[in-house]
Amino acid sequence: MAKDVRVRYAPSPTGHLHIGGARTALFNYLFARHHGGKMVVRIEDTDIERNVEGGEESQLENLKWLGIDYDESVDKDGGYGPYRQTERLDIYRKYVNELLEQGHAYKCFCTPEELEREREEQRAAGIAAPQYSGKCRHLTAEQVAELEAQGKPYTIRLKVPEGKTYEVNDLVRGNVTFESKDVGDWVIMKANGIPTYNFAVVIDDHLMEISHVFRGEEHLSNTPKQLMVYEYFGWEPPQFAHLTLIVNEQRKKLSKRDESIIQFVSQYKELGYLPEAMFNFFALLGWSPEGEEEIFTKDELIRMFDVARLSKSPSMFDTKKLTWMNNQYIKKLDLDRLVELALPHLVKAGRLPVDMSDEQRQWARNLIALYQEQMSYGAEIVPLSELFFKEEVEYEDEARQVLAEEQVPDVLSAFLANVRELEPFTADEIKVAIKAVQKSTGQKGKKLFMPIRAAVTGQTHGPELPFAIQLLGKQKVIERLERALQKNFS
C-alpha cells in the first residue's frame with residue numbers, strides 16, 4: 001500500500017462496548033495488523049449529556065480483554081493527540097473559521113421552532129426527506145453583524161455544492177454515488193460551540209492521518225457530508241469500508257432492545273466466556289476465510305485477513321455457534337484457567353464459601369474438571385453441577401423409568417454393599433466396585449450403569465460416573481442408594 005496503514009475505532013462513552021462496536025474494532029485491528037499498520041482508539045465524547053460515568057474506561061478495558069491491543073489512545077500517546085474530542089474543540093474552531101473565511105460555511109440564526117415549521121411544511125407538501133431551505137445562506141455581512149449584536153444564537157452550516165456527484169469506491173460495496181441535491185446545508189458546529197459528528201470526524205481522521213475507515217453500514221449515509229468537507233479543504237479522504245449489519249436469528253437488524261441476544265462484551269466476560277473465543281467468533285461476523293475451518297488463533301486471523309472476503313450480506317449473530325465455539329476453547333483450556341473462570345460462579349451462587357479450605361478448593365477443582373467437556377461458559381458450571389449441592393436427589397422422568405426396570409434392586413443392593421466396604425473412596429476403587437457388581441449380578445452395559453447413575457444423580461446422562469460418585473462422597477451415595485431401593489418406581 002502506498003501510505004502507512006492507520007485505522008481508528010471511535011466509540012462514544014455513552015455506554016459499554018456493544019457487540020457491533022466490538023466487531024468494528026476487531027476488523028480495524030485485523031486490517032492494521034495484517035498490513036503492519038497502527039490502530040487508534042479515539043473517544044468521541046462530544047455528546048456530553050449522554051456520556052455515562054465509566055463509559056470510556058469500560059470501552060478500553062473490554063477492547064483489551066478481547067485481545068485488541070491498540071497502538072494509540074487516551075492511555076497510549078502516539079503523537080497524534082489529544083484523543084478525546086472534548087479536548088480538541090480549539091482545533092475544530094480553527095477549521096470552522098477557515099470555512100467561514102473562504103465562504104464555504106455561514107452562520108445560521110434560525111431557531112429550532114422555525115426549523116421545525118419548515119420541516120412540517122415540506123412534509124405537508126409531500127417531501128419525504130425535508131432539508132434546510134438555506135435562507136440564512138443569503139444574509140449580508142451587515143445582517144449577520146446586526147443579528148450577532150442582538151445576541152442571537154447561531155449554528156454554523158456548510159454550503160452544500162450544487163449539482164455535484166460524490167463517488168466512493170467502498171472496499172465492501174464497490175462504487176457508491178451520492179448527489180449533493182439530496183443533502184441540504186448541514187450544521188457543522190452547534191450553537192454551544194460543539195462540532196457535529198460529520199465535521200469533527202473529518203478533521204480528526206485527517207490530522208491523525210487515518211488511511212482506512214472500517215465502520216458500520218449505518219454510516220454510509222454520512223459519507224457524502226464528510227466528502228464535502230474533505231473537498232473544501234483539499235484533503236484526500238481515507239478509503240472507506242462499510243461493514244454489513246449484524247442481524248438476529250430472525251434476520252432482523254440487531255436492536256439494543258432485542259432481549260434474545262446478550263449485547264455487551266462485558267456481559268459475556270461476566271458469564272465466563274473466553275476472550276480468544278469471542279475474538280474468533282467476532283472475526284467471522286461478516287468475514288469468511290477460505291475453507292471450512294472455523295477455529296483460529298489471533299495470529300492466524302491476522303495473517304489471513306483479506307478485505308476481499310468481507311461479506312456484502314448481513315451477518316447473523318448465531319448464539320448457538322458462539323456457545324459451541326466457546327466450548328471448543330474450554331475443552332482445550334488449562335485446568336487452572338478453567339477453575340479461575342468457573343469457580344467464582346459457584347461462590348456467587350452460594351454453592352461454595354468465599355473462604356475455602358484447601359480440601360474444599362481441591363473438591364471444587366475436581367468438580368470443574370468433571371464438566372470441562374460439557375461446559376460452554378464459566379457460569380454454566382452452576383446448573384450443570386446442581387446435583388452435587390442438593391441434599392436429596394430429584395429424579396428426572398427418564399431416571400424413574402430406568403429405576404422401574406426389574407434388575408434394578410439386585411444391581412443397587414449389590415453396589416450398596418460394595419460401597420459400604422469401599423476404602424479409599426476413589427474413582428479407581430469405585431470402578432472396581434462396579435465391575436464386581438457386574439460379576440455378581442450378570443448385568444452389564446446400560447442395565448448396570450444406568451440404574452446406578454439414576455439412583456445417585458437422578459439423571460440418565462452426566463459426567464463420568466465413577467468420578468461423579470467420588471465427588472458426591474461416600475455418605476451421600478449410601479443415602480441415595482438406600483432411598484432408591486426404598487422407593488416404588490413402578
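Numbers here simply count residues along the sequence, with the first being 1. What you see below is based on every heavy atom in this structure, not just the backbone, and it leaves out hydrogens, waters and symmetry mates.
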Is [X] reaching over with its side chain to a backbone N or O of [Y], donor-acceptor style, under 3.5 angstrom?
X: Ser311; Y: Ser313; value: yes
X: Gln470; Y: Ala427; value: yes
X: His18; Y: Phe264; value: no
X: Asp45; Y: Gln85; value: yes
X: His345; Y: Gly378; value: no
X: Ser180; Y: Lys164; value: yes
X: Ser385; Y: Ile381; value: yes
X: Glu249; Y: Asp318; value: no
X: Glu56; Y: Pro11; value: no
X: Asn248; Y: Lys252; value: yes

Please tell me if the side chains of [X] and [Y] come closer than 4.5 Å, counting only heavy atoms from C-beta onward.
X: Val339; Y: Asp336; value: no
X: Lys76; Y: Val40; value: no
X: Asp334; Y: Leu338; value: no
X: Leu322; Y: Tyr273; value: yes
X: Val202; Y: Leu227; value: no

Determine, for [X] against [Y], whether the closest basic-nitrogen to carboxylate-oxygen distance falls under 4.0 angstrom.
X: Asp4; Y: Lys38; answer: no
X: Arg365; Y: Asp358; answer: no
X: Arg337; Y: Glu276; answer: yes
X: Arg309; Y: Asp306; answer: no
X: Glu392; Y: Arg483; answer: yes
X: Glu396; Y: Arg400; answer: no

For Glu87, salt bridge (Lys or Arg N to Asp or Glu O under 4.0 Å) partners two or more places apart |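 Glu87 satisfies salt bridge (Lys or Arg N to Asp or Glu O under 4.0 Å) with Arg84 only.
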Return yes if a side-chain donor-acceptor contact under 3.5 Å exists between [X] and [Y], otherwise no.
X: Asn222; Y: Gln226; answer: no
X: Glu167; Y: Asn175; answer: yes
X: Asn327; Y: Thr323; answer: no
X: Asn280; Y: Tyr329; answer: yes
X: Glu179; Y: Tyr166; answer: no
X: His16; Y: Ser266; answer: no
X: Asn326; Y: Tyr268; answer: no

Arg8: which of Asp205, Asn28, Asp204 passes side chain to side chain contact (heavy atoms under 4.5 Å, CB included) |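 Per the side chain to side chain contact (heavy atoms under 4.5 Å, CB included) rule, the option paired with Arg8 is Asp205, out of Asp205, Asn28, Asp204.
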Distance in Å, [X] [atom1] paired with [Y] [atom2], rounded so as to fall on 0.5 Å steps:
X: Met316; Y: Thr244; atom1: CE; atom2: OG1; value: 13.0 Å
X: His219; Y: Asn198; atom1: NE2; atom2: CG; value: 9.0 Å
X: Leu158; Y: Thr196; atom1: CG; atom2: OG1; value: 9.0 Å
X: Ile43; Y: Gln59; atom1: CD1; atom2: CD; value: 6.5 Å

Looking only at the aromatic ring of each residue, does the gap between the centers of [Y] and [X] stay below 6.0 angstrom?
X: Trp287; Y: Phe305; value: yes
X: Tyr395; Y: Phe489; value: yes
X: Phe214; Y: Phe31; value: yes

So Phe199 and Tyr92, would you call those rings parallel, tilted or perpendicular, with 30° and 60° as cut-offs?
->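 Perpendicular.
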Among Arg215, Glu218, Glu217, which residue meets the side chain to side chain donor-acceptor pair (under 3.5 Å) test with His242?
->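 Of Arg215, Glu218, Glu217, side chain to side chain donor-acceptor pair (under 3.5 Å) with His242 is met by Arg215 alone.
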Give the intermediate values and the outcome of ring-ring contact (aromatic ring centres under 6.0 Å, His included) for residues Phe281 and Phe317.
-> CA-CA 9 Å; Phe281 178 76; Phe317 194 96; 5.1 Å; yes
Scan residues 443-464 for pairs that pass side chain to side chain donor-acceptor pair (under 3.5 Å), counting only residues two or more places apart or in two chains.
->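 Pairs touching residues 443-464 that pass the test: Glu398-Thr460.
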Taking every non-hydrogen atom, the tightest pair across [X] and [Y]:
X: His212; Y: Pro238; answer: N-CB, 4.1 Å
X: Val172; Y: Lys312; answer: O-CE, 3.1 Å
X: Val52; Y: Gly15; answer: CG2-N, 3.7 Å

Does a sphere of radius 6.0 Å around NZ in Lys390 hold more than 12 heavy atoms from other residues, nucleotides or ligands, not counting ones at 6.0 Å or beyond?
->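 More than 12 heavy atoms, drawn from other residues, nucleotides or ligands, come within 6.0 Å of this atom.
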Count the heavy atoms belonging to other residues, nucleotides or ligands that lie under 6.0 Å from CD of Glu293, then report whether that count exceeds 12.
->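 Check passes, neighbour count above 12.
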After noting the C-alpha distance and the side-chain angles of Leu66 and Phe282, does the key distance pass the side-chain contact (heavy atoms from CB on, under 4.5 Å) rule?
-> CA-CA 10 Å; Leu66 272 174; Phe282 284 138; 4.1 Å; yes
Hey, does the Lys NZ or Arg CZ of Arg6 hover above the aromatic six-ring of Tyr80, less than 6.0 Å from the centre and inside 45° of the axis?
->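 Positive - Arg6 is close enough to the ring of Tyr80 and near enough to its axis.
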Check against salt bridge (Lys or Arg N to Asp or Glu O under 4.0 Å), Lys64 and Asp75 | CA-CA 12 Å; Lys64 290 172 187 170; Asp75 59 342; 2.7 Å; yes
Given the rule in the ring-ring contact (aromatic ring centres under 6.0 Å, His included) test, do Trp363 and Phe389 qualify, once you have shown the distances and angles that lead to the verdict?
-> CA-CA 12 Å; Trp363 183 87; Phe389 300 98; 5.6 Å; yes
May I have the step-by-step check of salt bridge (Lys or Arg N to Asp or Glu O under 4.0 Å) for Asp71 and Arg33, ending in yes or no?
-> CA-CA 10 Å; Asp71 302 286; Arg33 290 292 176 267; 3.0 Å; yes
